[in-house]
Amino acid sequence: ALEPMTERVACKACGESIVQSTADANEGLCVPCKRGYRHRIEEGKRRREEEKRYRESPAWKHWLHLVEKATPPDGFSRLSAPEQRFFAVRVLIGEVYNGGFDQYFYNSAADTYVQALEGLQELGLTDSLRILRAAKEAMFGADRVVPDTESRRALLRMKATTPAAKPVQQTLDRLDKEFWADPDKLDELLEEYANNHRLRAGF
């Protein structure tokens, strides 16, 4: 014989369907609402939906195309100037937000430092440009940023053993916070740049 259907009611807080016995035990609430973690579940759902929409968007498809096209050893040189600048600024944002300027300059992203400067200049992002230049000055002084990851890493490892390493890190920590504050609204203007140069055409 079929089991009788369990009566279900809506949670008084979030509206999710729950069995009557759960409602009776929790003053009409589902367990996540009763225990105070429903907001974390909903935030997780929202982020997953946003991520899903982004991965179906022209922006994401264009970025995957650029990453593949820019693959070493000579892929980056085959990008157009607008593509190079877009790519360089995007990897700058990603690295600094993930691990600060020390991570950016230590990783291969800084191989395109010059193009990042050009991109920020073309976009008129004066605060971000100032912060990036200050970080470069703190780490390399008047020396240029060598566009070779291994050479740059060797230099940075050597600098890390000098007495100047601690004040440099303090300066970088301050500059990281300034960059994270996003005074220029980088993402918005970078999207405008991509649209103005028709970088997403065909995606």
Side-chain angles (χ1 to χ4, degrees), residues 40-136 139-140 144-153 156 172 175-203:
R40 294 201 299 274
I41 295 175
E42 294 303 321
E43 178 65 14
K45 286 182 182 177
R46 185 186 66 78
R47 288 182 179 178
R48 286 193 295 275
E49 283 300 314
E50 285 183 356
E51 181 72 10
K52 181 181 177 183
R53 285 195 297 271
Y54 177 63
R55 289 183 181 275
E56 294 170 351
S57 70
W60 176 248
K61 292 172 183 176
H62 168 243
W63 179 244
L64 289 182
H65 170 75
L66 268 188
V67 170
E68 182 178 353
K69 194 174 173 183
T71 301
D74 63 345
F76 185 76
S77 65
R78 289 187 276 113
L79 301 180
S80 68
E83 285 177 323
Q84 288 184 355
R85 290 167 185 168
F86 179 90
F87 182 90
V89 174
R90 175 55 66 200
V91 295
L92 165 71
I93 295 170
E95 290 285 357
V96 177
Y97 270 71
N98 183 261
F101 280 108
D102 49 352
Q103 176 174 304
Y104 169 71
F105 284 111
Y106 192 79
N107 286 346
S108 61
D111 290 357
T112 61
Y113 169 77
V114 170
Q115 289 79 12
L117 284 180
E118 293 172 349
L120 294 176
Q121 287 173 326
E122 185 177 346
L123 285 160
L125 304 179
T126 54
D127 284 319
S128 299
L129 185 61
R130 172 187 57 79
I131 296 167
L132 176 57
R133 282 175 168 160
K136 177 268 178 190
M139 298 191 78
F140 299 98
R144 74 186 185 102
V145 178
V146 180
D148 175 77
T149 308
E150 291 308 316
S151 299
R152 202 169 53 252
R153 284 178 175 175
L156 290 174
L172 292 177
L175 293 170
D176 288 344
K177 292 181 175 68
E178 287 188 43
F179 192 87
W180 296 337
D182 196 16
D184 290 320
K185 307 299 180 194
L186 276 167
D187 279 329
E188 293 176 20
L189 292 178
L190 199 56
E191 286 305 298
E192 286 184 20
Y193 182 85
N195 292 330
N196 291 340
H197 288 276
R198 295 184 55 78
L199 299 184
R200 304 270 167 73
F203 293 92

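Numbers here are sequence positions counted from 1. No hydrogens, no waters, no symmetry mates; every other heavy atom, side chains included, goes into these values.
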Kindly compute the distance separating [atom1] ([X]) from [atom2] ([Y]), expressed to the nearest 0.5 Å.
X	Y	atom1	atom2	answer
His62	Ser57	NE2	OG	11.0 Å
Tyr106	Arg153	OH	CZ	5.0 Å
Arg133	Ser128	CZ	OG	12.0 Å
Arg90	Leu190	CZ	CG	5.0 Å

Keeping to residues at least two apart or across chains, list the salt bridge (Lys or Arg N to Asp or Glu O under 4.0 Å) pairs with something in residues 70-79.
Asp74-Arg78
Could you list the residues that satisfy side chain to side chain donor-acceptor pair (under 3.5 Å) with [X], not counting sequence neighbours?
X	result
Thr149	Asp111
Thr112	none
Asn195	none
Ser80	Glu83

To check you understand the geometry: which heavy-atom pair defines the closest contact between [X] and [Y], and what is its length?
X	Y	answer
Phe76	Gln84	O-NE2, 3.0 Å
Ala88	Ala116	CB-N, 3.4 Å
Ala134	Leu175	C-CD1, 3.7 Å
Ile131	Pro183	CD1-CG, 4.4 Å

Test ring-ring contact (aromatic ring centres under 6.0 Å, His included) applied to Phe140 - qualifying residues, sequence neighbours left out
Phe105
Return yes when atom NZ of Lys185 has more than 12 non-hydrogen atoms of other residues, nucleotides or ligands closer than 6.0 Å, and no otherwise.
no
Throw together a table of side-chain donor-acceptor distances under 3.5 angstrom for residues 92-102, partners on residues two or more places apart or in other chains.
from: Glu95; atom 1: OE1; to: Gln103; atom 2: NE2; distance (Å): 2.6
from: Glu95; atom 1: OE1; to: Asn107; atom 2: ND2; distance (Å): 3.2
from: Tyr97; atom 1: OH; to: Trp180; atom 2: O; distance (Å): 3.4
from: Asn98; atom 1: OD1; to: Gln103; atom 2: NE2; distance (Å): 2.9

Name all residues meeting the side-chain contact (heavy atoms from CB on, under 4.5 Å) criterion together with Val114; count only those two or more places apart in sequence or in a different chain, and write none if there are none.
Glu118
Qualifying residues under side-chain contact (heavy atoms from CB on, under 4.5 Å), relative to Asp148, sequence neighbours excluded:
Val146, Glu150, Ser151
For Lys61, give me all partners under salt bridge (Lys or Arg N to Asp or Glu O under 4.0 Å), at least two apart in sequence or on another chain.
none
Who passes salt bridge (Lys or Arg N to Asp or Glu O under 4.0 Å) against Arg200, sequence neighbours left out?
Glu191
Any side-chain heavy-atom pair of Trp63 and Phe203 under 4.5 Å:
no
Yes or no on side-chain contact (heavy atoms from CB on, under 4.5 Å) for Leu132 and Tyr113, after CA distance, side-chain angles and deciding distance?
CA-CA 9 Å; Leu132 176 57; Tyr113 169 77; 3.7 Å; yes
Using distance only, find each side-chain donor-acceptor pair of residues 119-127 under 3.5 Å and give its atom names and separation, not counting sequence neighbours.
from: Glu122; atom 1: OE1; to: Arg85; atom 2: NH1; distance (Å): 2.8
from: Glu122; atom 1: OE1; to: Tyr193; atom 2: OH; distance (Å): 3.3
from: Glu122; atom 1: OE2; to: His197; atom 2: NE2; distance (Å): 3.2

